[in-house]
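Worksheet: the structure to be examined is printed underneath.
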Amino acid sequence: MGARGRDSRKLDRGLMRLGPSEQRDAAIRRAVRQIPRGKVATYAQVAAAAGYPRHHRQVVQVLRKSGDALPWQRVVGAGGEIRLRLDAAHEQRTRLEMEGVRFRGKRVAMDEHQHVFRTWEFD
DNA sequence: ATCCTGACCCAAG
DNA sequence: GCTTGGGCCAGGA
């Protein structure tokens, strides 16, 4: 069987063909990588920027899988709230503060650090 | 197929 | 502020 056989996703013109969920996860990873140091975005915003508006929960799964390969600390809950528990939450806050992110109470000062994903390119 | 879980979100009260 | 309920989606058992 050729490239079109049982494992048709194997390759196509030398490129790995991704299934729907893999393509989605890849888009999510790209979006997360776009957040610069000192800025943050919410799970929902990342999902939307990736092109999957209602998949905020999947963003969590992707971050868990990726580990330190992504700047996971830059993704927070709605309103700038940290949603991790205990130690993990503390680590996220520390990492963000280390990047210069300021907090007001328990949440990120979103008016200063909200990353706005670019939707249109200007030329 | 069903049930459960999760680094979620949001409108209500 | 906080709690609750419903909605959302995908993975794993």
Side-chain angles (χ1 to χ4, degrees):
Chain A
M1 24 201 116
R4 185 73 44 196
R6 175 183 304 294
D7 196 351
S8 65
R9 315 174 338 153
K10 205 60 188 265
L11 51 133
D12 180 71
R13 295 201 192 96
L15 295 175
M16 195 70 83
R17 185 186 301 186
L18 292 66
S21 67
E22 298 168 308
Q23 187 180 322
R24 177 202 62 209
D25 291 357
I28 289 175
R29 283 190 292 270
R30 281 198 299 278
V32 172
R33 276 191 295 261
Q34 290 187 334
I35 309 172
R37 277 180 57 97
K39 295 287 184 180
V40 302
T42 69
Y43 297 94
Q45 289 165 351
V46 167
Y52 298 79
R54 300 182 295 307
H55 295 238
H56 45 276
R57 309 198 80 139
Q58 194 56 29
V59 173
V60 171
Q61 292 307 104
V62 171
L63 292 180
R64 278 177 56 80
K65 264 193 330 180
S66 304
D68 289 303
L70 291 174
W72 58 268
Q73 70 272 25
R74 317 222 258 244
V75 184
V76 299
E81 195 163 0
I82 290 195
R83 304 291 267 167
L84 279 66
R85 306 290 196 76
L86 314 170
D87 289 10
H90 186 266
E91 186 186 346
Q92 180 171 21
R93 178 165 183 149
T94 300
R95 282 185 174 226
L96 287 175
E97 291 178 326
M98 203 145 54
E99 301 187 352
V101 172
R102 205 151 57 75
F103 283 72
R104 274 204 304 269
K106 62 190 290 194
R107 31 171 160 166
V108 170
M110 294 302 271
D111 53 343
E112 296 177 34
H113 306 104
Q114 168 72 70
H115 169 60
V116 180
F117 288 99
R118 151 177 259 183
T119 56
W120 290 281
E121 292 291 338
F122 296 97
D123 43 357

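Chain naming here is simple, since letters A, B, ... match the order of the sequence lines and numbering starts at 1 in each.
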message: Side chains of A/Gln73 and A/Glu91 only: does a donor on one sit below 3.5 Å from an acceptor on the other?
response: no

message: As a test of reading the structure: which of C/dG11, B/dC10, B/dA7 is closest to the side chain of A/Ser21, going by heavy atoms?
response: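 Taking heavy atoms from C-beta onward, the closest nucleotide is C/dG11.
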
Please state how far atom [atom1] in [X] lies from atom [atom2] in [N], giving the value in whole angstrom units.
| X | N | atom1 | atom2 | value |
| --- | --- | --- | --- | --- |
| A/Gln23 | C/dC9 | CD | P | 18 Å |
| A/Ile28 | B/dA7 | CD1 | C1' | 14 Å |
| A/Gln61 | B/dA7 | CD | P | 7 Å |
| A/Arg85 | B/dG6 | CZ | P | 8 Å |
| A/Ile35 | B/dA7 | CD1 | C1' | 14 Å |
| A/Lys106 | C/dG1 | NZ | C1' | 10 Å |
| A/Asp25 | C/dC9 | CG | C1' | 12 Å |
| A/Gln92 | B/dC8 | CD | C1' | 13 Å |

- prompt: Among residues 42-55 of chain A, which residues get a heavy atom nearer than 4.0 Å to DNA chain C?
  reply: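 Result for residues 42-55 of chain A: A/Arg54, A/His55, sorted by number.
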
message: So, using side-chain contact (heavy atoms from CB on, under 4.5 Å) as the criterion, who are the partners of A/Ala89 when residues are at least two apart?
response: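 A/Ala89 satisfies side-chain contact (heavy atoms from CB on, under 4.5 Å) with A/Ile82, A/Leu84 once adjacent residues are dropped.
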
Residue pair [X] / [Y], side-chain heavy-atom distance below 4.5 Å:
| X | Y | result |
| --- | --- | --- |
| A/His90 | A/Leu86 | no |
| A/Val32 | A/Val75 | yes |
| A/His56 | A/Val46 | no |

message: C/dC8, OP1 or OP2 - any side-chain N/O from A/Arg57 closer than 4.0 Å?
response: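 The answer is no; no side-chain N or O of A/Arg57 sits under 4.0 Å from OP1 or OP2.
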
Short side-chain N/O contact to C/dG11 OP1/OP2 from A/Arg24, under 4.0 Å: yes

query: Should the pair A/Asp111-A/Arg102 be classified as a salt bridge under the 4.0 Å nitrogen-to-oxygen rule?
result: no

message: If I pick the P atom on C/dG6 and the same atom on B/dA7, what distance separates them, to the nearest angstrom?
response: 23 Å

query: After noting the C-alpha distance and the side-chain angles of A/His55 and A/Tyr43, does the key distance pass the side chain to side chain contact (heavy atoms under 4.5 Å, CB included) rule?
result: CA-CA 9 Å; A/His55 295 238; A/Tyr43 297 94; over 6 Å; no

